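Encoded as structure tokens, the structure appears first; notes follow it.
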Amino acid sequence: MICNTPHAGYPLAAEVAAHLLGSAPADVEPVTRQTADPGRYEGRYAACDLRYDVTSADGVLTVTLEEVATGRSSPPVALVPLDGDRFLPEVDLSGGRGWDLAFVVEDGRAVRLVSGAFAARRVR
């Protein structure tokens, strides 16, 4: 069976996992909007067609996406901490897939931002 539609495919995958494994993977629920050390994530990250600007105010991280080709920017979206270096955008940024954002941290500083299968490298 092939399902190439995120809004239908992800629930289907959860049902198949529950049937085969006895239970579906559990979602991690955010408990706060505050990030313990937001400075380690702040900066600009670049992928082939998007730039992600990560900033913080009062311990809450936000991300603004910029389309490189058009120069258009999204409104800032708050990032809610999940666990480790993973965050859930308060507004879906993955085209209906519900992907979280994860940071790859080296020596106490984020060097990559990962959205689903797409990685952006830190450029400043």
Side-chain angles (χ1 to χ4, degrees):
M1 177 185 324
I2 296 174
C3 183
N4 197 16
T5 308
H7 71 275
Y10 288 99
L12 175 63
E15 286 185 37
V16 170
H19 179 73
L20 295 175
L21 304 174
S23 67
D27 288 334
V28 177
E29 292 295 325
V31 294
T32 180
R33 294 181 80 217
Q34 304 291 97
T35 301
D37 184 10
R40 66 194 262 149
Y41 306 109
E42 293 175 339
R44 174 171 277 187
Y45 302 82
C48 60
D49 57 347
L50 285 176
R51 287 192 190 112
Y52 302 82
D53 284 309
V54 178
T55 59
S56 71
D58 299 322
V60 177
L61 282 178
T62 59
V63 63
T64 303
L65 276 64
E66 178 187 350
E67 294 177 6
V68 174
T70 64
R72 286 185 291 192
S73 293
S74 71
V77 174
L79 299 177
V80 180
L82 293 174
D83 64 349
D85 299 309
R86 293 178 47 221
F87 296 82
L88 184 65
E90 283 190 330
V91 175
D92 181 46
L93 302 174
S94 62
R97 295 174 186 89
W99 289 342
D100 61 331
L101 298 179
F103 292 88
V104 176
V105 177
E106 293 178 0
D107 298 323
R109 181 174 186 249
V111 295
R112 300 243 187 295
L113 182 154
V114 181
S115 176
F118 306 100
R121 67 182 172 81
R122 186 181 198 135
V123 294
R124 71 166 191 209

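The structure displayed is predicted, hence computed values, not measured ones.
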_In one Ile/Leu/Val/Met/Phe/Trp/Tyr side-chain cluster, 4.5 Å: V105, V114_ = no

*asked:* Taking transitive links into account, so neighbours of neighbours count too, which hydrophobic residues share a cluster with V60 at under 4.5 Å side-chain distance?
replied: none

Contacts of type side-chain contact (heavy atoms from CB on, under 4.5 Å), residue [X], not counting sequence neighbours:
X    : value
T55  : T62
V63  : Y52, V54, L65, V77, L79, L93, L101
V123 : R44, A46, R121

How far apart are the closest heavy atoms of [X] and [Y], and which atoms are they?
X    : Y    : result
R112 : A119 : CD-CB, 4.4 Å
G59  : P38  : CA-CG, 4.2 Å
P81  : T35  : CG-OG1, 3.7 Å
G108 : R40  : O-CB, 3.3 Å

To the closest 0.5 Å, what do you measure between [atom1] ([X]) and [atom2] ([Y])?
X   : Y    : atom1 : atom2 : value
L50 : E67  : CG    : CD    : 6.5 Å
T70 : D49  : OG1   : CG    : 10.0 Å
L82 : D100 : CG    : CG    : 5.5 Å

*asked:* Could you work out, with ring pair (Phe, Tyr, Trp, His ring centres under 6.0 Å) as the rule, every residue matching F103, not counting sequence neighbours?
replied: Y41, Y45, F87

*Pairs where residues 53-83 contributes a residue and the test ring pair (Phe, Tyr, Trp, His ring centres under 6.0 Å) is met, not counting sequence neighbours*: none

*So with a 6.0 Å cut-off around CG of D37, is the heavy-atom count from everything else above 12?*
yes

*asked:* Quick one, R124 and D53 - any side-chain contact, counting heavy atoms below 4.5 Å?
replied: yes

